[in-house]
Protein chains: 2
Amino acid sequence: MKPGYSHVPADHVAAECSRVAPVLSRIGDKWTVLVVTMLGRGPMRFNALRREIGSISQRMLTLTLRSLERDGLATRTVRPTVPPQVEYALTELGRSLLVPVSAIRDWARAHADAIEQAQRRFDGRCADEAGTAVRAIADQASAS
Amino acid sequence: MKPGYSHVPADHVAAECSRVAPVLSRIGDKWTVLVVTMLGRGPMRFNALRREIGSISQRMLTLTLRSLERDGLATRTVRPTVPPQVEYALTELGRSLLVPVSAIRDWARAHADAIEQAQRRFDGRCADEAGTAVRAIADQASAS
DNA sequence: CGGTATCCACTTGGATACTG
DNA sequence: CAGTATCCAAGTGGATACCG
């Protein structure tokens, strides 16, 4: 067999991705992986998460945690003290997610430099050949 | 493999995620995984990809392929025939990405049912307790 | 065939203010 | 402490039209 290509029937790919895509959209959002990784260290209260992440807004932390709870990846436990304490923890399902996420993290760590170099080469090449045309695609946000 | 928590120092988590998050954002977008998986079967021309994916717009396919090329995950080869033919193929780096992506796919396939059940339970519980309040968070798009 | 360019709807996410 | 509510800026992605 040749170096490399897997032979997946084309018809199955789209069907597969209709199940994978929602999962990736969820964990690919701006905060889910960070929060899940934090909770992977152990249960944590709302403001403890907020402090340790630092840059997250209260709104986004609430939204992220609600999604995790809805998907069965985390639990929310209210203890009726004064002031109230709310503790979040990963479920078994949530902890199992740490495994493939770690695989992605390892891949990212291993190839981050290669990707950055490829990007610089690409941007440099386009600056030579086509002016700033493709740079504009990369940036894409300058004009409104 | 205890059913427990990994002990990652909190300080490292945020630093790690600053490298992982961009990668996840890229492959977590609407089309990248689908296109990469397609190209995992072997090199393909632009409109062949377009046809097999079916639902993707020309614009998004172009944008997705440009990003893959920029990141060094795919190559773009123009053959100066008439009409012109442009073939896309994964690089070695791109094929290596198929490994962790497969891990995510396997996880998604294994737990898709559990997630859907958790969602229905969550939504049902909230309908009982708090009316339609949290349903509104899940839907979130009705009002403008 | 393989793109670009333009316009527009929807979604995401930050800032701020207020509540039990 | 742990949220909720509201407003707003930016990003994402679809539809359409046109180009070499």
Side-chain angles (χ1 to χ4, degrees), chain A residues 21-22 24-32 34-35 43-69 74-88 126 130-144, chain B residues 21-22 24-32 34-35 43-51 53-69 74 76-88 126 130-144:
Chain A
L24 273 164
S25 295
R26 166 116 314 156
I27 73 168
D29 74 359
K30 201 173 178 184
W31 299 110
T32 296
L34 187 50
V35 171
M44 266 181 140
R45 288 175 50 192
F46 187 88
N47 275 335
L49 278 166
R50 191 155 149 57
R51 266 192 311 274
E52 298 228 49
I53 295 175
S55 53
I56 195 172
S57 66
Q58 199 172 26
R59 173 186 138 91
M60 288 317 296
L61 183 53
T62 302
L63 252 46
T64 303
L65 289 167
R66 280 288 176 282
S67 288
L68 292 176
E69 193 192 355
T75 57
R76 177 177 179 273
T77 309
V78 183
R79 277 182 327 228
T81 57
V82 176
Q85 298 189 352
V86 180
E87 192 170 80
Y88 293 90
C126 289
T132 49
V134 186
R135 289 280 297 279
I137 293 178
D139 305 339
Q140 202 175 28
S142 27
S144 70
Chain B
L24 274 165
S25 294
R26 166 116 314 155
I27 72 167
D29 74 358
K30 203 173 179 184
W31 299 110
T32 296
L34 188 50
V35 171
M44 267 180 140
R45 287 175 52 192
F46 187 88
N47 276 335
L49 277 167
R50 191 156 151 55
R51 266 193 311 275
I53 296 176
S55 53
I56 194 173
S57 66
Q58 200 172 25
R59 174 186 138 92
M60 288 317 297
L61 182 53
T62 302
L63 252 45
T64 303
L65 288 168
R66 280 287 177 283
S67 288
L68 292 176
E69 193 192 354
R76 176 177 180 272
T77 310
V78 182
R79 274 177 336 221
T81 58
V82 177
Q85 298 189 351
V86 180
E87 193 170 80
Y88 292 90
C126 289
T132 49
V134 186
R135 290 282 297 278
I137 294 177
D139 305 340
Q140 203 176 29
S142 27
S144 71

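Lettering follows sequence order; numbering is per chain, from 1. Every heavy atom of this structure was used, including side-chain atoms; hydrogens, water molecules and symmetry mates were not.
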Side-chain contact test, heavy atoms from C-beta onward, threshold under 4.5 Å: evaluate it for A:Tyr88 versus A:Leu68 and give yes or no. no
With sugar-phosphate meaning primed atoms plus P, OP1 and OP2, does B:Arg79 contact a base, only sugar-phosphate, or nothing at under 4.0 Å between heavy atoms? nothing
B:Arg26 atom CZ is separated from D:dG13 atom P, nearest whole Å, by 11 Å
Search all heavy atoms of B:Arg76 against all heavy atoms of B:Val86 and return the closest pair with its distance. CG-CG1, 3.7 Å
Without decimals, in angstroms, what is the distance between A:Leu49 CG and D:dG3 P? 10 Å
Under 4.0 Å from OP1 or OP2 of D:dT4: is there any side-chain N or O of A:Arg59 that close? no
For A:Arg45 and D:dC1, what is the distance between atoms CZ and C1' respectively, to the nearest whole Å? 7 Å
How is A:Arg50 classified with respect to the nucleic acid when contacts are heavy atoms under 4.0 Å: base, sugar-phosphate, or nothing? nothing
Please list each protein N or O that sits under 3.5 Å from an N or O in nucleotides 18-20 of chain D, with the distance.
none

Establish, with yes or no, whether the OP1 or OP2 oxygen of C:dG3 is under 4.0 angstrom from a side-chain nitrogen or oxygen of B:Arg76. yes
Does B:Tyr88 place a side-chain N or O at less than 4.0 Å from the phosphate oxygens OP1/OP2 of C:dG3? yes
Residue pairs passing the side-chain hydrogen bond (donor to acceptor under 3.5 Å, both in side chains) test where at least one lies in residues 45-55 of chain A, sequence neighbours excluded: none
Could you give the CG-to-P distance, from B:Asn47 to C:dG3, as a whole number of Å? 9 Å
What is the distance from CG of B:Leu65 to C1' of C:dT4, rounded to the nearest Å? 15 Å
Got A:Leu63 and A:Met60 here, is their nearest side-chain heavy-atom distance under 4.5 Å? yes
Return the 5'-most residue of the pair A:Ile56, B:Arg51 with respect to DNA chain C, ranking by each residue's nearest nucleotide. B:Arg51
Quick check: on DNA chain C, is the nucleotide nearest B:Ala48 upstream (toward 5') of the one nearest A:Asp29, or the reverse? Name the residue that is more 5'. B:Ala48
Can you measure A:Met60 atom CE to D:dA2 atom C1' for me and round it to whole angstrom units? 17 Å
Can you name the side chain to side chain donor-acceptor pair (under 3.5 Å) partners of B:Gln85, sequence neighbours left out? B:Arg79
Atom CD of B:Glu87 and atom C1' of C:dG3: how far apart are they, to the nearest Å? 17 Å
Whole Å only: how far is the CG atom of A:Leu61 from the P atom of D:dA2? 10 Å
Shortest non-hydrogen contact between A:Met44 and A:Leu49, atoms and distance: SD-CD2, 3.5 Å
Heavy-atom side-chain contact between A:Leu34 and A:Ile56 under 4.5 Å: no
Does A:Lys30 place a side-chain N or O at less than 4.0 Å from the phosphate oxygens OP1/OP2 of C:dG14? yes
Quick check on C:dT4: is either OP1 or OP2 less than 4.0 Å from any side-chain nitrogen or oxygen of B:Arg66? yes
